[in-house]
Amino acid sequence: QVQLVESGGGSVQAGGSLRLSCVRFGYTDSPYCMSWFRQAPAKEREAVAATYIDDSTWFADSVKGRFTISQDNGKNTLYLQMNSLKPEDTAMYYCAASFRPQCRMAFGNPVFYGFWGQGTQVTVSS
């Protein structure tokens, strides 16, 4: 069993920065995909950023140039560095892991992800 625990959320003003962390416990093999999703009230969950086992990355157009995704050397901790935050970035942010290699074909499709964290809230005020 895999457990994902996010942290680092909070409240910031527009233009500020936050760094989210997601620690992975349990199954020792590395997932094929580790991703960040977010969900704002009354909106669907959307993919924000993802990284594949070969360290390739993907970002949603809305966050390109502002967010970066990375992992520690052991690939047990996933990070999301968020800069130049905007009020529209306000959402609950979730970490997700996929052990299916097909996840690379559709980083942003939650169907491929079998493990999710509990979420961490990010609030950006104008």
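All of these numbers come straight from a predicted model, not from anything done at the bench.
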(request) Kindly say whether the aromatic ring centers of F37 and W116 come within a distance under 6.0 Å. (result)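 Ring-ring flag for F37/W116: true, centres closer than 6.0 Å.
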(request) Kindly say whether the aromatic ring centers of F99 and F115 come within a distance under 6.0 Å. (result)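 Here the rings of F115 and F99 have centres that are less than 6.0 Å from each other.
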(request) Start with the C-alpha distance between R24 and D72, add both sets of side-chain angles, then the distance that settles salt bridge (charged side-chain N to carboxylate O under 4.0 Å, His left out), and finish with yes or no. (result) CA-CA 11 Å; R24 178 171 60 85; D72 67 344; over 6 Å; no
Are any side-chain N or O atoms of [X] and backbone N or O atoms of [Y], one a donor and one an acceptor, separated by less than 3.5 Å?
{"X": "S98", "Y": "F112", "value": "yes"}
{"X": "E6", "Y": "T120", "value": "no"}
{"X": "T51", "Y": "S56", "value": "yes"}

(request) Using a strict cut-off of less than 4.0 Å between a Lys/Arg side-chain nitrogen and an Asp/Glu carboxylate oxygen, indicate whether K75 and D55 qualify as a salt bridge. (result)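 So K75 pairs with D55 through a salt bridge.
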(request) Could you tell me whether D61 and K64 make a salt bridge, using a distance below 4.0 angstrom between a side-chain N and a carboxylate O? (result)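 Salt bridge flag = yes for K64 with D61.
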(request) Calculate, to the nearest 0.5 Å, the distance between atoms CE and CH2 belonging to M82 and W36 respectively. (result)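 M82 CE to W36 CH2: 8.0 Å, rounded to 0.5 Å.
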(request) Enter the distance from Q121:CD to Y93:OH here, rounded to the nearest 0.5 Å. (result)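 It is 9.0 Å, given to the nearest 0.5 Å.
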(request) Kindly give the heavy-atom pair with the smallest separation between Y113 and C33, and that separation in Å. (result)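 Heavy atoms of Y113 and C33 come nearest at OH-CB, 3.8 Å.
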(message) Are more than 12 heavy atoms, taken from residues, nucleotides or ligands other than Y32, located less than 6.0 Å from that residue's OH atom?
(response)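 Incorrect, the count does not exceed 12.
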